[in-house]
Amino acid sequence: MKKHNFSAGPSILPQEVLKQASDAVLNFNNLDLSVLEISHRSKDFVAVMEEAREHSIELLGLKGKGYKALFLQGGASMQFVMAAYNLLENKAAYLNTGTWSDKAVAEAKIFGEVVEVASSKDKNYNYIPKGYEVPKGMDYFHCTTNNTIFGTQMKDFPALDCPMVADMSSDIFSRTLDYSKFDLIYAGAQKNMGPAGTTLVVIKEDILGKVKRPIPNMLDYAQHIAKDSMYNTPPVFAVYTSLLTLRWLKELGGVSAIEEENDKKATLIYSEIDLNPLFEGYVAKEDRSTMSATFNITNEKAKTKFDTMLKEAGISGLNGHRSVGGYRASMYNALSLNSVGVLVDVMSELERTA
Ligand SMILES: *Cc1c(COP(=O)(O)O)cnc(C)c1O
């Protein structure tokens with residue numbers, strides 16, 4: 001039986017997507033060829049790329065609003081570099097809410113001045129800073145919407161007079177937001193969209209062209225837009241599988257439908273964490289993520305038993321990140337409410353028997 005997969009990334013994909021992707025590895029579109037062995041310039045693959053780009057824009061409610069979607073390589077980490085390379089002329093504002101923001105800051109400093117408007121590093125990132133102000137005249141403001149490692153998620157976004165750039169790697173397509181507030185969104189596919197190997201970039205075209213430095217073609221958003229995300233050979237399998245997930249999500253009813261499911265999953269696990277004296281949440285309650293629930297066990301002696309019970313229940317990938325310890329339940333779109341139910345049952349069973 002398939003495990004209940006709580007892995008943080010690469011992570012769970014819908015079972016039917018895995019099945020369709022496997023089929024296409026052997027015979028894609030009844031071409032009697034694999035999706036891995038046809039030209040990326042072929043009609044069949046160009047259609048994949050176009051549909052994946054369209055669904056991305058549509059699912060975020062950005063159709064007709066001046067945005068372009070790209071499927072690039074190099075992971076979200078490459079976007080730490082590309083965002084600054086393409087947009088940072090003088091000064092940019094960064095909100096530091098975790099390891100990934102911190103890494104984005106480090107890359108941006110190569111290109112210009114970084115104003116860290118606030119940081120939650122003082123408490124090992126267990127909350128989202130509030131009440132900070134983004135100074136006027138910044139080239140852009142950068143934030144991480146979901147902090148995959150620590151389990152916080154931004155619910156509010158500051159008022160700005162500059163573009164907003166967001167790393168949405170671990171909560172893209174998970175909740176309704178006014179996505180038109182963002183001018184550049186990026187997300188490594190391997191958390192909530194597809195396999196590792198591609199990164200979705202959604203960009204409002206009018207923010208480009210404002211820096212004076214020359215930009216190498218491979219790192220230039222404008223080039224990738226001009227070439228319809230086919231400047232060079234794209235990672236065809238990662239893009240195709242991402243498309244299958246986007247189709248799956250559309251058929252389910254889109255972002256608002258999956259948000260309802262995600263809210264139910266989050267409510268279920270956090271109620272157990274709050275009621276069960278053997279567990280405590282890692283982050284401030286108001287900043288809890290619906291995607292990444294981090295918690296510790298209060299009685300270390302019960303840990304071995306809990307780990308055994310998890311294994312017996314077929315639960316996988318629940319270990320916390322090494323910088324936090326404890327446990328982390330990554331509850332991406334493809335994880336069912338039933339899987340969270342199985343985990344919660346194990347937690348309450350532990351309380352009854354520990
Ligand atoms: C995983 C993750 C990254 C790093 O992604 P790569 O694709 O490995 O570069 C960056 N930001 C966030 C929020 C992540 O969850």
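As the structure lists them, so they are numbered: ligands from 1, and atoms in each ligand from 1. Heads up: numbering here begins at 1 and tracks the sequence.
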(request) Report the residues that fulfil ring-ring contact (aromatic ring centres under 6.0 Å, His included) with Tyr94, sequence neighbours left out, ordered by chain and then residue number. (result) Tyr140, His142

Enumerate, one pair per line, all nitrogen or oxygen atoms of ligand 1 lying under 3.5 Å from a protein nitrogen or oxygen, stating the separation to 0.1 Å; write 'none' if no such pair exists.
| from | atom 1 | to | atom 2 | distance (Å) |
| --- | --- | --- | --- | --- |
| ligand 1 | 7 (O) | Ala76 | N | 3.0 |
| ligand 1 | 7 (O) | Gln190 | NE2 | 2.9 |
| ligand 1 | 9 (O) | Ala76 | N | 3.2 |
| ligand 1 | 9 (O) | Ser77 | N | 2.8 |
| ligand 1 | 9 (O) | Ser77 | OG | 2.6 |
| ligand 1 | 11 (N) | Asp167 | OD2 | 2.6 |
| ligand 1 | 15 (O) | Thr148 | OG1 | 2.4 |
| ligand 1 | 15 (O) | Lys191 | NZ | 2.6 |

(request) Check the angle between the aromatic planes of Phe80 and Trp100 and answer parallel, tilted or perpendicular using the 30° and 60° thresholds. (result) tilted

Could you pull out every donor-acceptor pair under 3.5 Å between side chains of residues 310-325 and any protein atom, sequence neighbours left out?
| from | atom 1 | to | atom 2 | distance (Å) |
| --- | --- | --- | --- | --- |
| His321 | ND1 | Ser323 | N | 3.1 |
| His321 | ND1 | Ser323 | OG | 2.7 |

(message) Can you confirm whether the side chains of Ser101 and Thr144 place a donor and an acceptor under 3.5 Å from each other?
(response) yes

(message) Does Tyr282 form a ring pair (Phe, Tyr, Trp, His ring centres under 6.0 Å) with Phe295? I'd like the steps, not just the answer.
(response) CA-CA 5 Å; Tyr282 175 70; Phe295 54 98; over 10 Å; no

(message) Could you list the cluster mates of Met218? Members are the ILVMFWY residues connected by side-chain heavy atoms closer than 4.5 Å, either directly or through other members.
(response) Tyr231

